[in-house]
There are 2 protein chains.
Amino acid sequence: MPGSIGHHGANGQLPCDRCIGKQYNICQLLEPSRQRELLDTSCRQRFDKRSYLFRAGSPVGAVFKVTSGIVAESCTLADGRRQVIAFFLPGDICGYLESDGCHAFDGEAITAAETCSFNRERFSAFVNRNRDVAEEMRRNLADRLKMVGTHLSVVGQLTSTERVANFVAMMTIAYAARNVQTRPLPLPMKRSDIADYLGLRLETVSRAFSKLRQRNIIDVQEDEVLVLDQVRLNQLSNR
Amino acid sequence: MPGSIGHHGANGQLPCDRCIGKQYNICQLLEPSRQRELLDTSCRQRFDKRSYLFRAGSPVGAVFKVTSGIVAESCTLADGRRQVIAFFLPGDICGYLESDGCHAFDGEAITAAETCSFNRERFSAFVNRNRDVAEEMRRNLADRLKMVGTHLSVVGQLTSTERVANFVAMMTIAYAARNVQTRPLPLPMKRSDIADYLGLRLETVSRAFSKLRQRNIIDVQEDEVLVLDQVRLNQLSNR
DNA sequence: CGGTTAGTTGAGTGCATTCAATCCCAGTGG
DNA sequence: CCACTGGGATTGAATGCACTCAACTAACCG
């Protein structure tokens with residue numbers, strides 16, 4: 001049931017038009033003719049909340065550019081433990097790089113989501129034909145590698161409260177780069193999603209939010225957070 | 001003091017010639033003419049144990065292909081906490097992808113190491129000129145992204161013993177792919193390096209090794225490990 | 001020999017977990 | 001309208017795993 005979209009609301013979607021700064025939209029780098037050429041290889045797709053764009057181990061299909069909602073890349077162990085590798089926000093490309101023709105991780109719509117889905121072969125061909133686009137993809141990839149590495153050091157080294165503080169700080173930066181409101185900061189994902197992202201239990205995440213609230217660093221309400229003390233938040237974040 | 005190299009021994013180096021399977025050596029993909037062209041842009045470099053190939057925040061320089069020894073990519077927080085993102089073994093390329101012209105992480109020689117160091121501009125130009133090499137680099141990159149993601153789920157979800165078991169299993173696979181001996185499996189890095197890699201304390205790593213030894217899953221001596229029960233090791237590793 | 005570095009092991013602590021109770025809210029149906 | 005239900009979040013109490021601090025061993029080197 002993909003309800004109405006394009007506004008901030010209870011369904012937690014992020015509007016497409018306001019989210020995508022130039023640097024996050026390869027299409028907007030291009031002049032109209034190439035833009036049309038690229039868009040001809042694509043179609044819009046909607047994904048219900050909690051549906052999968054792709055599954056780990058399955059052969060790769062489309063290349064997805066998220067245009068609204070949030071997609072989580074995750075993997076689940078045999079006993080059910082789950083690790084969220086990354087959240088993809090509007091403008092992000094996901095499901096692109098897979099080494100052996102199969103997806104390494106699950107791609108799940110955390111909220112209802114929309115994507116611009118490119119035919120993989122034609123997308124790759126387009127990238128190969130356009131040196132500047134290839135360079136942009138390379139840069140994009142380097143960013144991802146850096147982000148995952150940074151995330152790894154968060155999960156490996158920080159305490160629970162530090163991790164949650166870092167998460168809030170990161171999301172603030174990510175939203176700001178996309179010109180999405182950050183005051184308050186919408187966090188449409190569930191506590192358990194945040195927990196799986198940070199390598200914690202959902203109760204621990206909840207406690208950390210409470211601790212940050214008690215210290216007057218943030219204000220928490222439902223699925224929004226208001227940062228009250230950016231300086232102390234960044235200190236706690238270790239950045 | 002870069003002593004004698006090219007043999008397995010107390011210094012923990014891995015010999016170049018035996019380590020590098022074809023799939024791990026872009027040079028060997030190429031016919032002699034292009035091979036020479038590429039090597040003309042490179043020089044051999046030696047790094048002392050515990051010296052840095054590059055530092056986080058510093059402008060990128062050469063692109064390194066490790067030819068012997070082990071290089072760790074890591075980052076250190078203000079208070080000294082350190083996270084090892086990845087170990088680079090002979091054949092691996094490191095220091096290549098950096099988004100903004102600066103290194104995101106430290107690159108440190110964990111053992112004495114040798115590299116084939118490429119001039120970055122000329123290396124990039126070579127890659128751009130050769131479609132097959134570019135494809136190989138892309139594949140390499142996809143592998144790295146997958147490995148870091150997998151590592152993240154290890155650090156985020158597994159218990160200390162599981163993490164160490166996973167580490168041993170991973171190293172076994174990595175060595176086997178390079179045709180390096182795995183029985184016994186040389187682990188030249190210090191306990192504290194393993195600890196920083198796995199998000200644990202060195203004492204915890206030591207205890208985990210002891211626990212695996214007591215269960216007759218591995219045999220531990222100095223800087224070598226002998227896997228006694230690959231099946232149970234893999235079970236514990238969650239793979 | 002003493003000094004340094006690396007590793008192992010023990011004892012006790014603390015932080016995140018587990019288990020459980022409660023609350024809130026949206027949705028549904030009597 | 002109100003009662004009921006289920007999902008998500010918060011909080012409390014108790015447990016346990018990894019951490020801290022410390023002692024000890026072994027190897028190496030000046």
Side-chain angles (χ1 to χ4, degrees), chain A residues 1 3 9-12 48-50 79-83 110-112 154-168 186-214 218-225 236, chain B residues 1 3 9-12 48-50 79-83 110-112 154-168 186-214 218-225 236:
Chain A
M1 72 304 282
N11 61 3
D48 287 345
K49 192 170 173 170
R50 295 292 150 186
D79 59 3
R81 283 177 285 182
R82 171 172 172 261
Q83 178 67 45
I110 288 301
T111 67
V154 167
V155 172
Q157 300 302 322
L158 303 193
T159 66
S160 63
T161 311
E162 289 173 326
R163 289 187 222 188
V164 171
N166 185 285
F167 173 71
V168 173
L187 293 179
M189 63 284 284
K190 295 190 297 181
R191 291 287 181 268
S192 63
D193 293 320
I194 301 175
D196 289 345
Y197 180 69
L198 295 175
L200 298 169
R201 299 288 122 185
L202 66 93
E203 298 95 328
T204 307
V205 172
S206 185
R207 281 181 235 276
F209 272 123
S210 299
K211 214 172 286 183
L212 293 173
R213 181 168 40 73
Q214 285 156 19
I218 62 173
D219 199 17
V220 186
Q221 38 205 11
E222 34 191 81
D223 52 358
E224 283 182 345
V225 163
L236 266 176
Chain B
M1 72 302 282
N11 62 2
D48 286 344
K49 192 170 172 170
R50 294 293 150 186
D79 58 3
R81 282 178 286 183
R82 171 171 172 260
Q83 177 69 45
I110 288 301
T111 68
V154 167
V155 172
Q157 300 301 322
L158 301 194
T159 66
S160 63
T161 311
E162 288 173 328
R163 290 187 221 187
V164 172
N166 186 284
F167 173 71
V168 174
L187 293 179
M189 62 285 284
K190 294 192 299 182
R191 290 286 182 270
S192 62
D193 293 321
I194 301 175
D196 289 345
Y197 180 68
L198 296 175
L200 299 169
R201 300 289 120 185
L202 64 92
E203 298 96 328
T204 307
V205 171
S206 184
R207 279 182 235 277
F209 273 122
S210 298
K211 213 172 287 185
L212 292 173
R213 181 168 39 73
Q214 285 157 19
I218 62 172
D219 199 16
V220 186
Q221 37 205 12
E222 34 189 82
D223 52 358
E224 284 182 345
V225 163
L236 268 176

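This is a predicted model, so every value here is computed, not measured. No hydrogens, no waters, no symmetry mates; every other heavy atom, side chains included, goes into these values. Per chain, numbering begins at 1; letters A, B, ... match sequence-line order.
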Q) Which residues pass the ring pair (Phe, Tyr, Trp, His ring centres under 6.0 Å) test with B:Tyr197, sequence neighbours left out? A) B:Phe87, B:His151, B:Phe167
Q) Can you tell me how far C1' of D:dA18 sits from CZ of B:Phe209, to the nearest Å? A) 17 Å
Q. For the side chain of B:Gln157 and the backbone of A:Gly199, is there at least one donor-acceptor N/O pair under 3.5 Å apart?
A. no
Q | Positions of residues 192-203 of chain A (non-hydrogen atom under 4.0 Å from DNA chain D), listed by number | A | A:Leu202, A:Glu203
Q) Any donor-acceptor pair under 3.5 Å linking the side chain of B:Glu162 with the backbone of B:Thr159? A) yes
Q) Taking the side chain as C-beta and beyond, is there a heavy-atom pair between A:Met189 and A:Leu187 under 4.5 Å? A) yes
Side-chain polar contacts of residues 201-210 of chain A - donor-acceptor pairs under 3.5 angstrom, sequence neighbours left out - could you list them?
{"from": "A:Ser210", "atom 1": "OG", "to": "A:Ser206", "atom 2": "O", "distance (Å)": "3.1"}
{"from": "A:Ser210", "atom 1": "OG", "to": "A:Arg213", "atom 2": "NH2", "distance (Å)": "3.3"}

**Q.** Test log, rule side-chain contact (heavy atoms from CB on, under 4.5 Å), inputs A:Asp219 and A:Val225
**A.** CA-CA 6 Å; A:Asp219 199 17; A:Val225 163; over 6 Å; no
**Q.** B:Arg207 vs D:dA18: side-chain N/O to OP1/OP2 distance below 4.0 Å
**A.** no
Q. When rounded to the nearest 0.5 angstrom, what distance separates CZ in A:Arg191 from CG in A:Asp196?
A. 13.5 Å
Q) D:dT10 C1' sits how many Å from A:Ile218 CD1, rounded? A) 14 Å
Q. Once you round to the nearest 0.5 Å, how far does OG1 of B:Thr111 lie from CG of B:Asp48?
A. 11.0 Å
**Q.** Opening and closing nucleotides of DNA chain C in contact with chain B, under 4.0 Å to non-hydrogen atoms
**A.** C:dA6 to C:dA11
Q. Okay, side chain of A:Asp79, backbone of A:Arg81: is any donor-acceptor separation there less than 3.5 Å?
A. yes
Q | Note: B:Arg50-B:Asp193 ion pair, threshold 4.0 Å (strictly below) | A | yes
Q. Below 4.5 Å, heavy atoms only, C-beta onward: do A:Arg163 and A:Leu200 meet side chain to side chain?
A. yes
Q: Nearest-nucleotide wise, let me know which of B:Lys190 and B:Thr204 is further upstream toward the 5' end of DNA chain C.
A: B:Lys190
(Q) I need the CZ-P distance between B:Arg163 and D:dC17, as an integer number of Å. (A) 14 Å
Q: Check the pair B:Leu236, B:Leu158 against side-chain contact (heavy atoms from CB on, under 4.5 Å), reporting the backbone distance first and the verdict last.
A: CA-CA 9 Å; B:Leu236 268 176; B:Leu158 301 194; over 6 Å; no
Q. D:dC19 P sits how many Å from A:Leu158 CG, rounded?
A. 14 Å
Q. Does B:Ser160 make a side-chain N or O approach to OP1 or OP2 of D:dA18 shorter than 4.0 Å?
A. yes
**Q.** Under 4.0 Å protein heavy-atom contacts per nucleotide of nucleotides 24-30 of chain D, with B for base, S for backbone only and - for none
**A.** -------
**Q.** Degree of bending in the helix from C:dC1-D:dG30 to C:dG30-D:dC1 once both end axes are built from five pairs, to 10°
**A.** 20°
